[in-house]
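Note that this is a predicted model, so its numbers are computed, not measured. Numbers restart at 1 for each chain; the letters A, B, ... are given by sequence-line order, proteins then strands.
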2 protein chains.
Amino acid sequence: MVEKDNGVIGAGAPSGEERGLHSEGTLLIRRLERLAPLHDDDRRALLELPIRAKAHYADQDIVREGDRPTECGLVLKGFVFRHKLVADGRRQIVSFNPAGEIPDLQSLYLPRLDYSIGTLVPTRMGYVPHQALRALVQSRPSIAAALWREIVVEASIFREWMVSLGRRSAYQRVAHLLCEIGLKLEMAGHGTRSEYEFPVTQSELADALGISTVHANRVVQELRRTNIVVWRGSSVTILDWRALQEAGEFDPAYLHIQ
Amino acid sequence: MVEKDNGVIGAGAPSGEERGLHSEGTLLIRRLERLAPLHDDDRRALLELPIRAKAHYADQDIVREGDRPTECGLVLKGFVFRHKLVADGRRQIVSFNPAGEIPDLQSLYLPRLDYSIGTLVPTRMGYVPHQALRALVQSRPSIAAALWREIVVEASIFREWMVSLGRRSAYQRVAHLLCEIGLKLEMAGHGTRSEYEFPVTQSELADALGISTVHANRVVQELRRTNIVVWRGSSVTILDWRALQEAGEFDPAYLHIQ
DNA sequence: CGCATGTTTGAGTTCGTTCAATTAGCGTGG
DNA sequence: CCACGCTAATTGAACGAACTCAAACATGCG
């Protein structure tokens, strides 16, 4: 019932590396502009960033806990997630990152990665050398401010996830996550808050919400049974946004939109 | 059996406001120096920051979710925690912050606070206007780097808490937290990793770990019964650090010390 | 001494887990 | 076009970690 290989890049085959994808810079600009006003010079500087594009297969770790990256990865196309392993082999997913996000921005100032980044689907990443990004941060205050906000909003999302993991029921967690992903994707221009593509398996969903796969399945079914959500394969349709929002106690303030 | 009012500030009575506590700046310097090398000029600039010191009673919220602070609060003495409320009146504590930390550093770039800050004990805070701090960030790259790291390490701690909340048993969560607090306090120069003051009630502990008060109590008793920890009132003594670390699957890498 | 806050204990309940199949969807090769 | 094999989704049943409720016990303080 699920097809994760929705042919984002050909048949999922990485087509090697490309260089100087000038146009890809606009993705970054659009995102940062939502967080802080940018000057023309800022935009120009962003466009001149050296970006090395690279394609990755689905279900692959692209960096691992403990790595010391020398560049930051911007998700150009696809969907990634960050996760941490625990002793018995289980894992906790700590974020989902659609195209437009920079899941290892922190590596700019912290050498050692404390999580892994994996792909949900075939994904194209754009890698920007730390050096180049650091130079921008020092010469362009608005870009520094935007990146700072990026980090800080992300921390806010972590806190909200902590609330879900610690104090919400499994049902509420699923509802809350679906609202969050909807808003995130809508902001990034991928679908609307109530109709979008979210290519996770129920097992990935469970690992993000701190529940078992079996239980994730039952909760999703419950959401379907009550006609709040249609979720087939990777396409999510929220039939009753208000009901979902209430079910998950979802208050978007923590996303700091605007 | 618990005495939270351990006379941090007289009998817990705020002694009003003080201004220009020049010496308090050194606390901030010591902390930032651990995160990034500082120049003499940087130190001087930090010492010249206008700091308004203010005392707060125990068990008081000093800022609330939704507030829009115009200054950042440095914990000078005492202990605070950040928390978020959920609909039914329960809450999730998302961090504990001993003296030396700046629990609302993010407000520098995000106007609206998405959590509340409360005191565990009588606490003295030092407030630094955003304006002054922003000026420093723009004029002194090393200070900017240190603050950036501060934020990013904090996000790393959030992720580790998510792992605890999502994938560790109650027993592991308590063990993990005790290790973390021990290291944090030792780094900050308050006691050692295996002998320190942690002035939380079991109810606060429970709210941080996403469990019920009753269960928190039972787990703490278990830790005592096995002679791993002595925890009387607010003073924690870890008799067997190695055992505690193993019990909580504690790997300090996520604290990014060094 | 008595109140207030915090800790401890017991007992019944529940939400979510684990284990173990079964079913469904889809790509591949014949 | 169909059988095979893979992955993911679904189901049932027994179990268990943690919860709730309710009461008792400590301890510090005025």
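- Atoms CZ (A/R224) and C1' (D/dT11) sit 14 Å apart, rounded to a whole Å.
- The nearest whole Å value for the distance from the CD1 atom in B/I211 to the C1' atom in C/dC15 is 16 Å.
- Taking atom CZ of residue B/R232 and atom C1' of nucleotide D/dT27, one finds them 9 Å apart after rounding to whole Å.
- Using a 30° and 60° split on the angle between ring planes, B/F96 and B/F81 fall in the tilted class, from 30° to 60°.
- In this structure, A/W231 contributes its side chain and A/G233 its backbone to a donor-acceptor pair below 3.5 Å.
- The C1' atoms of five pairs define one axis at each end of the helix from C/dC1-D/dG30 to C/dG30-D/dC1, and these two axes lie 30° apart (to 10°).
- The aromatic rings of A/F79 and A/F198 are tilted relative to each other, their planes meeting at an angle between 30° and 60°.
- One can place CG of A/N217 at 8 Å from P of D/dA9, the figure rounded to the nearest angstrom.
- Between the side chain of A/R31 and the main chain of A/A188, no donor-acceptor pair closer than 3.5 Å is present.
- DNA chain D lies under 4.0 Å from at least one heavy atom of each of the following residues of residues 163-173 of chain B: B/S169, B/A170.
- What separates CZ of B/R218 from C1' of C/dT7 is a distance of 12 Å, to the nearest Å.
- If you check every strand for non-hydrogen atoms under 4.0 Å, A/V214 touches a base.
- Results of the side-chain contact (heavy atoms from CB on, under 4.5 Å) test with B/S164 over B/Q172, B/R173, B/E180, B/E249 single out B/R173 as the only residue that passes.
- Atom P of nucleotide D/dT10 and atom CH2 of A/W231 are separated by 11 Å, given to the nearest angstrom.
- Where B/T213 and A/V220 meet DNA chain D, the nucleotide closest to each residue was compared, and A/V220 sits on the side nearer the 5' end.
- In this entry the distance linking NE2 of A/H215 with C1' of D/dA9 reads 16 Å, nearest Å.
- Here the straight-line distance linking atom CG of B/L209 with atom OG of B/S169 works out to 10.5 Å at 0.5 Å rounding.
- Distance CG (B/L120) to C1' (C/dG6): 14 Å, rounded to an integer number of Å.
- Here the CG-CG distance, from B/D104 to B/D67, works out to 10.0 Å after rounding to the nearest 0.5 Å.
- Within the nucleic acid shown, B/R90 comes within 4.0 Å of sugar-phosphate atoms alone, with no base atom in reach, counting heavy atoms only.
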